[in-house]
Q: 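Please find one structure pasted underneath; my questions will follow.
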Number of protein chains: 2
Amino acid sequence: MGATKTEHFTEKQNQIAILAKALGHPARVAIIEYLMSVDTCICGDIVNVLPLAQPTVSQHLKELKNAGLIKGNIEGNAICYCIDEKALKTLQSYFAAISSHLEKKKNNCC
Amino acid sequence: MGATKTEHFTEKQNQIAILAKALGHPARVAIIEYLMSVDTCICGDIVNVLPLAQPTVSQHLKELKNAGLIKGNIEGNAICYCIDEKALKTLQSYFAAISSHLEKKKNNCC
DNA sequence: TTTTTATATTGCAATATTACGATAATAAAT
DNA sequence: ATTTATTATCGTAATATTGCAATATAAAAA
């Protein structure tokens, strides 16, 4: 064993889990924050910004891309990675819904 | 190797990563959603609701608790787990900030 | 007190993640 | 055509996660 039983959960639950998992590493959070901070879309300096070796950064970028959090095109020997707004909007909506639900409830146990 | 290099990232980045990682599994997303759906705080039926064995569920609950997403007290031989609103508020604020930042920017590359 | 009920812990096997050196691939620059 | 610069892939070691059977723990019920 060791493999997640995705088939037992809803599409939505799996989707949120995939996005959350992709952000479940500080390097990937840092990458998203960096992509937000730069104006340009070409940003070959991600490797220099992060305290990790180039193959490791490349791997993290791949995971963010697989999860759908970033989009990337190859521009010559530079990369053009940027945030996929749709994915982040999904997360924003999800947690906004949870928050408003919790506020309505005001349950005060625990 | 294989251990995350947390020390190279900011407190905030690590905090978000910890919360996101905890939600990086559909079972744990399902648990949060279930805790939201029930009115009561005592909810010993989590095990019956999920398609996983009892020790596995117990482990997922432990991880959610470690990450700070749920709070739990033992109430006799039942458990009282509930959502820690603070943690979910943190996530809500974080993604709200990202979303509003992205909307302001309207970058249209990629 | 013994049984029942409910959750936690232990131990283990299967799998996944993290990290990086070495190397490949690719395109711009010389 | 060769060099240079940049990103991707491969291979591998260390560690973490996932899942569950077996067992422990703890309190209510009998």
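In the text below, chain A, chain B and the rest are named by the order of the sequence lines, each starting its count at 1.
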Q: Under 4.0 Å between a side-chain N or O of B:Tyr81 and OP1 or OP2 of C:dA8?
A: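 Indeed, a polar side-chain atom of B:Tyr81 lies that close.
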Q: Nearest whole Å is fine: how far is C:dT9 C1' from B:Ile79 CD1?
A: 15 Å
Q: Separation of A:Glu7 atom CD from D:dT18 atom C1', in whole Å?
A: 13 Å
Q: Describe, in one word, how the ring planes of B:Phe95 and A:Phe95 are oriented to each other, choosing from parallel (under 30°), tilted (30 to 60°) and perpendicular (over 60°).
A: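 Geometry flag for A:Phe95 against B:Phe95: parallel rings.
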Q: Indicate whether OP1 or OP2 belonging to C:dT17 is found under 4.0 Å from a side-chain N or O atom of B:Lys21.
A: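 Checking B:Lys21 against C:dT17: no side-chain N or O falls below 4.0 Å of OP1 or OP2.
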Q: Looking at A:Thr56, does any N or O in its side chain come under 4.0 Å of the phosphate oxygens OP1/OP2 on C:dT18?
A: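 So the side chain of A:Thr56 is outside the cut-off, no N or O lying under 4.0 Å from OP1 or OP2 of C:dT18.
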Q: In whole angstroms, how far is the P atom of D:dT7 from the CD atom of A:Glu63?
A: 18 Å
Q: Evaluate side chain to side chain contact (heavy atoms under 4.5 Å, CB included) for A:Ile16 paired with A:Thr90, printing each intermediate quantity in order.
A: CA-CA 8 Å; A:Ile16 293 296; A:Thr90 300; 4.2 Å; yes
Q: Expressed as a whole number of angstroms, how long is the span from A:Asp45:CG to D:dA5:P?
A: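 These atoms are roughly 16 Å apart.
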Q: For a quick test of reading the model: is some side-chain N or O of B:His60 closer than 4.0 Å to OP1 or OP2 of D:dG19?
A: yes
Q: For A:Pro55 and A:Thr6, take the nucleotide of DNA chain D holding the closest heavy atom to each; which residue's nucleotide lies nearer the 5' end?
A: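 In this pair, the answer is A:Pro55.
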Q: Between C1' on D:dA16 and CZ on B:Arg28, what's the gap in Å once rounded to a whole number?
A: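 After rounding, the gap between these two atoms is 12 Å.
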Q: Which atom names give the shortest non-hydrogen contact between B:Ala22 and B:Ala67, and what distance separates them?
A: CB-CB, 3.5 Å
Q: Looking at C:dT7, I'd like to know if its phosphate oxygens (OP1 or OP2) sit under 4.0 Å from a side-chain N or O belonging to B:Lys62.
A: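 So the side chain of B:Lys62 is outside the cut-off, no N or O lying under 4.0 Å from OP1 or OP2 of C:dT7.
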Q: B:Gln59 near the nucleic acid: base, sugar-phosphate alone, or nothing, with a heavy-atom cut-off under 4.0 Å?
A: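 Contact class for B:Gln59: base.
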Q: Please state how far atom CD1 in A:Ile31 lies from atom P in C:dA19, giving the value in whole angstrom units.
A: 11 Å
Q: Strictly below 4.0 Å, N to O, side chains only: are B:Lys89 and A:Glu103 in salt-bridge contact?
A: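 Judged by the 4.0 Å cut-off on N to carboxylate O distance, B:Lys89 and A:Glu103 do form a salt bridge.
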Q: Would you indicate what B:Lys65 reaches in the nucleic acid, counting non-hydrogen atoms under 4.0 angstrom: base, sugar-phosphate, or nothing?
A: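 Nothing, no heavy atom under 4.0 Å.
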Q: Atom CG of B:Leu64 to atom P of C:dA8: distance rounded to whole Å?
A: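 Value for this atom pair: 12 Å.
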Q: Could you state the CG-P distance from B:Leu23 to D:dT17, rounded to the nearest angstrom?
A: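 Going from CG in B:Leu23 over to P in D:dT17 covers 15 Å.
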Q: Could you work out which one of C:dC20, C:dT18, C:dA8 sits closest to the side chain of A:Ala53?
A: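 In terms of side-chain proximity for A:Ala53, the closest of C:dC20, C:dT18, C:dA8 is C:dC20.
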Q: Identify the heavy atoms of A:Ala30 and A:Leu50 that sit nearest to each other, and give their distance.
A: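 Answer, listing the atom of A:Ala30 first, then A:Leu50: CB-CD2, 3.8 Å.
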Q: Has B:Ser58 got a side-chain N or O lying under 4.0 Å from the OP1 or OP2 atom of C:dA8?
A: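 Result: yes.
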Q: Heavy-atom nearest nucleotide on DNA chain C for B:Leu61 versus A:Gln54: which residue maps closer to 5'?
A: B:Leu61
